[in-house]
Amino acid sequence: MNLVGIDTLAKAPLAAGDVFVGGRWRAASDDRTFPLYDPATGDLVREVSTASADDARAAVEAATAAAVGWRATPARRRSEILYDAFRLMREHTDPLARLIVLENGKAYRDAVAEVGYAAEFFRWFAEEAVRIGSSFGDAPGGGYRHVVRKHPVGVTAFVTPWNFPAAMATRKIAPALAAGCPVLLKPAPDTPLTALAVAALLTAAGLPDGLLNVLPTDRAPEVVTAWLDDERVRKFSFTGSTATGKLLLEQAARHVVNVTMELGGNAPFIVCADADIDAAVRGAMDAKMRGGGEVCIAANRFYVHASVAAEFTEKFGAAMTEVRTGPGLEDGVTLGPMINAAAVDKIRSLVDDAIARGAQVAARGTVPDGPGHYHPATVLTGVPDDARILHEEVFGPAAPLTTFTDEDEMLARANATVHGLASYVYSRDVARALRIAERLEAGMVGLNRGLLSDPAAPFGGVKQSGLGREGGREGIEAFLETQYIALDWPTT
């Protein structure tokens, strides 16, 4: 299969099957499939091969066989392959974006942005591949030398979510390959086709067989357990819910597998009394509505100073009301469907709970008639502290607003969560903004900015929002082991 086949992924099962192991397309070991649905209509897109535990073990074999050659491949060659993947991904932005819209539902403009973001991980880590450093020096006491080397950690296994099916894959794949590690990838069953397209893209870029193995499946526990029970798998990275992450951490602990976890969020969005309200509204739309709000770093709780609450509510409500909801490929649509019916039910239950506790609907958009998993853009005011929507990840286009007058009290409320992934602060006073940011228990903070993610910056959280960082210089370190050699070499 080559990149010309991206469009065919959406139309029919591949002749050989959808499991990609050892550079070859194959059916599941027992020929089972699972259905993939279009969230905009609820219609069946097609049946997809569902990998089994046997397929998972075969993928480990393929990755292990490829590991020795890849580890010995010069960093410059690894870099060239990743850069070619970046170039090819950018050249095929439209078909990749359309594939994302088909299985994820997000608006086309968001899907195009995701493809660009995903491609940048290939470019960034193509550059980092040639900068993996070692050191050599004298022992302080004399008589011998210190040699410190960086080696690839080994076979890596990834589980990625459905909300960014391209970017969450490339954010893990790119640094692993740059570091010299082969990859096992289990994409979310809601969005397997984009991951298969990434495999086709890397194959076209010249990646040797066995270095990327993609196993779509609806029987994740079988596949992941087969990987975590195999001592040849030395690195595991997961992006998803905190509850699932805790279970996977227990499994990984059995063989002391190196882990990176990017888990749930509950991001506060803070608007100070001196904020530029128009800028804060633009930032709020970015932080809340990117990807339909189905984003781990989405603004989840809004704390607005009482002195500017009326102005912010009016302008933010107007912006949310103007959101056009519909199928992601329709012209002018900025909010597509949610991923499935269960997602809509969860958002609706949080909104209904807040209203039952005394919150008011300040603004609400519209949704199209007919099928599809839609929820209107919604702004709530007067949300009490005991409302579930302030304590649970919304993962959708509903924004609860509360007010504050005291900075210390607001910070106590903002930090009163087990999560600590992202936060946002708007203030014209840089000193105030930095003071608040430094007191927020979050791995990332946007100051007067509603978009945080950047392949060149470390992404990750504190508390129960995860372990480790992805992206930036830190991203490749997660796939490297440090080896110290004491060299008996006289210093005089």
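All values derive from a computational prediction rather than experimental measurement.
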Only counting residues at least two apart or in another chain, list the ones meeting side chain to side chain donor-acceptor pair (under 3.5 Å) with [X].
{"X": "Asp406", "answer": "none"}
{"X": "Thr244", "answer": "Ser241"}
{"X": "Asp84", "answer": "none"}
{"X": "Thr334", "answer": "none"}

Exceeds 12 heavy-atom contacts within 6.0 angstrom, atom [atom1] of [X]:
{"X": "Glu314", "atom1": "CD", "result": "no"}
{"X": "Arg435", "atom1": "CZ", "result": "yes"}
{"X": "Tyr117", "atom1": "OH", "result": "yes"}

What I want to find out is whether [X] reaches [Y] closely enough, with some N-O distance under 4.0 Å, to be called a salt bridge.
{"X": "Glu120", "Y": "Arg90", "value": "yes"}
{"X": "Arg348", "Y": "Asp353", "value": "no"}
{"X": "Asp386", "Y": "Arg357", "value": "yes"}
{"X": "Arg413", "Y": "Glu409", "value": "yes"}

Name the atoms and distances for all side-chain donor-acceptor pairs under 3.5 Å in residues 157-168, with sequence neighbours left out.
from, atom 1, to, atom 2, distance (Å)
Asn163, ND2, Glu294, O, 3.1

Heavy-atom distance under 4.5 Å between the side chains of [X] and [Y], does that happen here?
{"X": "Leu421", "Y": "Glu262", "result": "yes"}
{"X": "Thr325", "Y": "Pro368", "result": "yes"}
{"X": "Thr417", "Y": "His391", "result": "no"}
{"X": "Glu392", "Y": "Leu350", "result": "yes"}
{"X": "Ile389", "Y": "Val394", "result": "yes"}
{"X": "Asn213", "Y": "Leu215", "result": "yes"}
{"X": "Thr321", "Y": "Arg364", "result": "no"}
{"X": "Phe316", "Y": "Val379", "result": "yes"}

Check whether the side chains of [X] and [Y] place a donor and an acceptor atom closer than 3.5 Å, and report yes or no.
{"X": "Tyr424", "Y": "Asp286", "value": "no"}
{"X": "Ser49", "Y": "Thr33", "value": "no"}
{"X": "Gln251", "Y": "Thr225", "value": "yes"}
{"X": "Lys172", "Y": "Thr156", "value": "no"}
{"X": "Glu470", "Y": "Ser237", "value": "yes"}

Donor-acceptor contact present, side-chain [X] to main-chain [Y], <3.5 Å:
{"X": "Thr260", "Y": "Gly468", "result": "no"}
{"X": "Trp227", "Y": "Ala56", "result": "yes"}
{"X": "Trp124", "Y": "Gly471", "result": "no"}
{"X": "Thr402", "Y": "Tyr303", "result": "no"}
{"X": "Arg469", "Y": "Pro458", "result": "no"}
{"X": "Thr217", "Y": "Ala51", "result": "yes"}

Report the distance from atom [atom1] of [X] to atom [atom2] of [Y], rounding to the nearest 0.5 Å.
{"X": "Ile297", "Y": "Leu452", "atom1": "CD1", "atom2": "CG", "result": "5.0 Å"}
{"X": "Leu9", "Y": "Leu36", "atom1": "CG", "atom2": "CG", "result": "11.0 Å"}
{"X": "Phe20", "Y": "Leu212", "atom1": "CZ", "atom2": "CG", "result": "6.5 Å"}
{"X": "Ser79", "Y": "Glu128", "atom1": "OG", "atom2": "CD", "result": "10.0 Å"}
{"X": "Leu329", "Y": "Tyr108", "atom1": "CG", "atom2": "OH", "result": "8.0 Å"}

**OP:** Could I get the full list of side-chain contact (heavy atoms from CB on, under 4.5 Å) partners for Asp429, not counting sequence neighbours?
**Re:**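 Applying side-chain contact (heavy atoms from CB on, under 4.5 Å) to Asp429 gives Asp274, Ser427, Ala431, Arg432.
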Subject >> Residues which pass side-chain contact (heavy atoms from CB on, under 4.5 Å) with Ala319, listed by chain and number, not counting sequence neighbours >> reply: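 Per chain and number, Ala319 pairs via side-chain contact (heavy atoms from CB on, under 4.5 Å) with Val281, Met285.
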Original post:
Yes or no on salt bridge (Lys or Arg N to Asp or Glu O under 4.0 Å) for Asp55 and Arg32, after CA distance, side-chain angles and deciding distance?
Top reply: CA-CA 12 Å; Asp55 294 315; Arg32 277 184 52 186; over 6 Å; no
Show me the donor-acceptor pairs, under 3.5 Å and distance only, between side chains in residues 186-194 and residues at least two apart or in other chains.
from, atom 1, to, atom 2, distance (Å)
Thr194, OG1, Glu103, OE2, 2.5

Original post:
On the ring face of Phe459, is Arg171 found with NZ or CZ under 6.0 Å from the centre and within 45° of the axis?
Top reply: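 Yes, Arg171 sits over the ring of Phe459.
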**OP:** Report the residues that fulfil salt bridge (Lys or Arg N to Asp or Glu O under 4.0 Å) with Lys315, sequence neighbours left out, ordered by chain and then residue number.
**Re:**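 Listed in chain order: Asp278, Glu311.
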Original post:
Step by step, would you call Glu91 with Arg87 a salt bridge (Lys or Arg N to Asp or Glu O under 4.0 Å)?
Top reply: CA-CA 6 Å; Glu91 288 176 359; Arg87 178 180 54 79; 3.2 Å; yes
Subject >> Candidate pair Glu114 and Lys106, rule salt bridge (Lys or Arg N to Asp or Glu O under 4.0 Å), full reasoning >> reply: CA-CA 10 Å; Glu114 181 184 346; Lys106 66 178 60 176; 2.7 Å; yes
**OP:** Return the orientation label for the His305 and Phe404 ring planes: parallel under 30°, perpendicular over 60°, tilted otherwise.
**Re:**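 Perpendicular: the ring planes of His305 and Phe404 meet at over 60°.
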Original post:
Would you call the rings of Tyr83 and Phe86 parallel, tilted or perpendicular, where under 30° means parallel and over 60° means perpendicular?
Top reply: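 Because their plane-to-plane angle lies in the 30° to 60° range, the rings of Tyr83 and Phe86 count as tilted.
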Original post:
What side-chain hydrogen bond (donor to acceptor under 3.5 Å, both in side chains) pairs are there with at least one residue in residues 372-381, not counting sequence neighbours?
Top reply: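 Sorted pair list comes back empty.
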Subject >> Where at least one partner belongs to residues 436-449, residue pairs that pass side-chain hydrogen bond (donor to acceptor under 3.5 Å, both in side chains), sequence neighbours excluded >> reply: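 side-chain hydrogen bond (donor to acceptor under 3.5 Å, both in side chains) check on residues 436-449 returns Asp408-Arg439, Glu441-Lys463.
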**OP:** Verify the ring-centre separation between Tyr426 and Phe269: is it less than 6.0 angstrom?
**Re:**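 Yes: the rings meet the under 6.0 Å criterion.
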Original post:
Can you list every salt bridge (Lys or Arg N to Asp or Glu O under 4.0 Å) pair that touches residues 326-339, not counting sequence neighbours?
Top reply: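 Residue pairs with at least one partner in residues 326-339: Arg324-Glu330.
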**OP:** Give the minimum heavy-atom separation between Pro337 and Pro39, together with the two atoms involved.
**Re:**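 The answer is CB-O, 3.4 Å.
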